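Reviewing the structure listed below.
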Amino acid sequence: MNRFAQLLDSLAYEPSRNNKLRLLADYFRVTPDPERGFALAAMTGALSFAHAKASLIRALIAERTDPVLFAMSYDYVGDLSETVALLWPAPQTERRNIAAPSLSDVVHGLQQADKKELPQLLASWLDDLDETGRWALLKLITGALRIGVSQRLAKTAVAALGGKEPNEIEEVWHGLVPPYLDLFAWVEGREDRPKALDPAPFRTPMLAHALDEADFDKLDPADFSAEWKWDGIRVQACVGTDEEGRRVARLYSRTGEDLSKSFPDLMEMLCEPHFGDATIDGELLVLIERQVQSFSTLQQRLNRKSVSPKLVMQYPAHIRAYDLLAEDGEDLRELSFVDRRARLESFITRLGHPRLDLSPDVPFDSWEALAQARHDPASVGAQDETEAIEGIMLKRRDSIYVPGRPKGLWFKWKRDPFNVDAVLMYAQRGHGRRSSFYSDFTFGVWKGAELVPVGKAYFGFTDAELKELDKYIRNHTRNRFGPVRELDFSTEQGLVLEIAFEGLARSTRHKSGLAMRFPRISRIRWDKPARDADLISTLEGLLEQGLRRSPPKGLGD
Amino acid sequence: MALSDLLTLTPAGLYCAAADVYLDPVRSVPRALITHGHSDHARAGHGAVLATRETLAIMGLRYGAKFCEQQQALAYGESITLNGIEVSFHPAGHVLGSAQIRLRGPSGSVVVSGDYKRAFDPTCAPFELVRCDAFVTEATFGLPVFRHPDAAGEVAKLLRSCAVFPERAHLVGAYSLGKAQRVMKLLRLAGWDRPIWIHGALEKITQFYQDEGIDLGDIRKVSATDRAKLAGEIILCPPGQLADLWSRKFPDPVTAFASGWMRVRARARQRGVELPLVISDHVDWDDLCATIRETGASEIWVTHGAEEAIVHWCETQGLDARPLNILGYGDEDAETVAEDAA
Ligand SMILES: [Zn+2]
Ligand SMILES: [Zn+2]
């Protein structure tokens with residue numbers, strides 16, 4: 001457990017994905033079975049046991065410390081698990097030679113212990129672990145292990161052990177159970193590939209590259225199909241039949257997280273007998289009276305701990321399908337896009353379910369025509385759904401379904417973003433490699449004579465611009481609050497940033513009452529006086545008009 | 001005895017009226033006793049200064065030879081009588097030359113700890129317990145969450161990171177007096193035999209340690225053109241440099257910080273540290289409590305740090321305790337800022 005805890009500790013401090021991968025791969029390489037398998041399970045959320053409540057931990061520490069000292073410590077540290085880990089008194093000498101529990105010991109212990117035994121068991125582990133070990137244990141058992149490692153990253157690190165592709169791990173993953181002895185044996189070349197037992201496995205999705213408008217000269221419109229890019233979340237709906245004839249249905253996110261529990265309305269459809277065995281790739285949307293709702297409405301259904309029938313009624317979920325990856329046990333991914341699309345159309349027609357429809361084809365015969373469609377989706381039949389359209393997806397008609405982000409097959413061509421000129425108000429230092437730069441920027445717009453913050457941007461600038469911004473910030477600081485600098489801004493001075501963003505919603509969390517989607521810096525307006533930045537009323541007006549965009553930029557300019 | 005017979009608190013700091021001396025005064029005074037060379041304790045501009053030879057030398061290095069009008073050195077264990085008050089210096093284990101100061105008068109004895117630690121440190125004389133009637137202690141890490149682990153284990157963490165990321169430079173922030181040299185020595189004891197690179201601000205004090213016979217091996221000052229070439233090397237610098245323009249030229253640097261504050265994750269994260277090393281030159285909570293008990297003192301004054309918690313603890317132990325809230329003492333962070341400016 002101590003070694004696992006050290007890994008978690010390093011991961012929590014390491015900002016770079018690549019370096020996290022190195023730390024993980026190093027851990028899997030040197031840690032024996034079954035310890036590393038349980039570690040993988042802990043990081044992918046595959047461990048389940050009754051979690052200990054914070055109240056139990058408070059009770060244990062209360063028996064061991066002065067309440068005043070505990071309160072002062074908790075106040076200083078700010079996190080219960082960490083406070084207890086640090087405060088836990090050193091054990092009596094007779095326990096000093098007892099080996100610290102391994103993660104496997106902890107997992108087995110938690111599965112076997114009943115509620116009455118838990119306090120005693122936990123106390124003995126806390127006695128035998130070091131500070132970092134105690135911290136990791138408490139985070140694990142309270143279900144609060146957040147270390148910035150995605151399932152995908154952990155699996156990628158396992159794949160790297162034996163030079164495998166992460167997708168190969170995904171294909172077998174849902175048939176495996178902790179501590180994954182068969183998985184490690186296969187990756188390290190000691191045994192055959194484990195059987196993919198899962199009848200409804202997650203298949204790594206195929207992703208698109210952002211389209212560079214210069215690409216058009218090299219691409220022939222006749223080679224491509226176009227669809228709308230919907231502003232929802234990408235999902236994979238999988239239904240299969242296991243060896244005993246039981247039907248298994250799952251709804252996955254694009255990273256393979258199981259969303260089934262959050263969408264009982266969609267699961268009801270997938271479980272209908274005439275749905276058959278199929279894997280659909282599509283967009284999850286909320287439809288009210290057959291009309292797609294905005295992303296902020298869809299958010300009402302995301303990240304919910306419990307899903308009430310009222311919520312389901314109020315925000316009914318829907319899948320807008322764009323691909324069919326498997327049908328009746330047949331893997332369709334080797335077929336061309338056009339052939340898969342034909343299979344998908346007949347599947348949807350046959351099923352005739354109100355919660356599933358086809359993402360329509362966007363007709364076009366030239367790139368100019370497509371640019372016009374992208375600018376004004378209503379002109380080619382999108383009517384009232386314009387608001388839910390983020391742009392265009394272009395798919396090569398002859399492309400097979402390749403997991404990951406292959407080059408040259410699929411492209412996304414987003415609609416032009418909205419723009420606003422805002423004034424830089426606060427800057428904060430970045431993390432890791434960027435920790436010596438001011439790279440997190442809060443900007444605001446005018447409300448009368450006052451600036452109100454409307455968003456925060458972390459990217460959109462080049463390295464050279466980052467250096468210039470950093471220098472500007474160091475020379476124009478009015479106040480410092482810890483890592484944050486407040487800049488000198490007024491109608492007379494201040495730096496104007498042109499901010500591009502994808503959408504706008506009302507928000508009670510921001511003082512301005514507005515929240516931006518994906519804001520980033522599109523240009524630094526060294527030339528523009530602060531008093532000429534935009535007004536809050538401009539943003540409010542945009543919201544009231546339903547976010548209608550400015551006239552199109554032609555393809556050529 | 002009542003401690004106030006020997007010491008009183010004035011705006012300039014602790015003052016012994018009978019001997020007419022201030023201890024670690026925060027303003028210029030005619031006569032000062034100095035515990036150690038950190039700039040929050042040892043300031044320039046006093047009249048006469050009494051300190052250990054090492055502390056006087058360190059003050060000379062930092063402030064120039066004329067940092068006061070008159071200097072006098074007192075070795076550990078020696079004593080001098082000032083107007084009936086016997087003054088003696090005893091090792092504090094904090095940094096090279098650091099001392100606890102004992103004042104003994106007709107009514108009893110008081111020990112002023114300065115900063116001190118009881119953990120292993122091969123770069124200075126180990127802490128010596130001095131029994132007394134009243135004890136004036138620091139409490140920089142005066143909360144029970146501060147328990148410093150074995151420093152060798154923290155250095156092992158640094159070496160493991162060097163092994164996992166051999167193509168990255170490892171930048172270690174460390175206070176320039178004491179911490180930096182202790183980390184260097186611990187690296188040598190752990191078998192690191194490559195050159196250790198240092199920022200120019202560490203040069204004078206490090207040279208002084210070596211001149212005092214503390215073997216730190218091959219120490220090299222980083223020049224502007226070296227920085228890009230130091231992949232796989234360990235570079236020590238004042239903590240303020242970690243977030244400075246200076247740090248950018250190193251190859252994909254891992255930023256480490258050697259400090260007792262690194263025990264608390266939020267503190268480490270606030271500074272953008274990627275590799276926190278819990279190495280402290282102050283007593284941790286357990287050693288603080290143990291030392292208070294072992295001195296046998298019945299009256300405790302707490303000069304700086306988390307005074308409230310240790311005063312509460314003393315009360316639960318039946319000891320008479322009082323926070324002094326002396327302004328101007330702090331962790332050596334303040335000093336770093338001053339150094340960066342210089
Ligand atoms: Zn000090
Ligand atoms: Zn101090």
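Note that the structure is a prediction, hence the values are computed from the model and not measured. Per chain, numbering begins at 1; letters A, B, ... match sequence-line order.
Residues A/Glu14 and B/Arg168 are paired through a salt bridge, judged by an N-O separation under 4.0 Å between the basic side chain and the carboxylate. A salt bridge links B/Arg248 with A/Asp470: at least one charged nitrogen is closer than 4.0 Å to a carboxylate oxygen. In summary, A/Glu82 and B/Arg263 do not engage in a salt bridge, as defined by a charged side-chain N under 4.0 Å from a carboxylate O.
In terms of heavy-atom pairs under 4.5 Å with chain A, the best-connected choice from B/Glu308, B/Gln270, B/Arg265 is B/Arg265.
Formation of a donor-acceptor pair under 3.5 Å by the A/Arg429 side chain with backbone atoms of B/Gly272 is not found in this model.
A/Trp88 touches chain B through its backbone: at least one of N, CA, C or O sits under 4.5 Å from a heavy atom, while the side chain does not. At a 4.5 Å heavy-atom cutoff, B/Pro149 makes no contact with chain A through either its backbone or its side chain. Looking at B/Ser161, there are no atoms closer than 4.5 Å to chain A (heavy atoms on both sides), in backbone or side chain. A/Asp79 does not touch chain B: none of its heavy atoms, backbone or side chain, sits under 4.5 Å away. For B/Val273, the part lying under 4.5 angstrom from a heavy atom of chain A is the backbone only. With a 4.5 angstrom heavy-atom cutoff, B/Trp285 touches chain A only via side-chain atoms.
Side-chain contact between A/Asp66 and B/His312 is present, with heavy atoms from C-beta onward closer than 4.5 Å. Annotation: side chain of B/Arg160 is in contact with side chain of A/Gln6 (closest heavy-atom distance under 4.5 Å). Side chains of B/Val264 and A/Leu86 form a contact here, defined as non-hydrogen atoms less than 4.5 Å apart.
Surrounding NZ of A/Lys164 are more than 12 heavy atoms belonging to other residues, nucleotides or ligands, all under 6.0 Å away. Counting heavy-atom neighbours within 6.0 Å of A/Arg480 CZ, excluding the residue itself, gives a total of 12 or less.
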Which atom pairs, one a donor and one an acceptor, fall under 3.5 Å between side chains of residues 54-64 of chain A and the rest of the protein, sequence neighbours left out?
residue: A/Arg64; atom: NH1; partner: A/Leu60; partner atom: O; Å: 3.0

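Between A/Phe437 atom CZ and B/Leu245 atom CG the span is 7.5 Å, to the nearest 0.5 Å. Here A/Ser10 contributes atom OG and B/Glu274 contributes atom CD; the two are 11.0 Å apart, rounded to the nearest 0.5 Å. Atom CG of A/Asn19 is separated from atom CG of B/Asp252 by 6.0 Å, given to the nearest 0.5 angstrom. The distance from atom CG of B/Asp150 to atom CG of A/Asp130, rounded to the nearest 0.5 Å, is 12.0 Å. Distance check, rounded to the nearest 0.5 Å: CG of A/Leu69 to OG1 of B/Thr316 gives 7.0 Å.
For the pair A/Pro89 and B/Arg147, the tightest heavy-atom approach, listed with the atom from each and the gap, is CA-NH2, 3.2 Å.
A cation-pi contact, defined as under 6.0 Å to the ring centre and within 45° of the axis, is absent between A/Arg22 and B/Phe165.
Contacts from residues 152-162 of chain A to chain B, taken as heavy-atom pairs separated by less than 4.5 Å, involve no residues at all.
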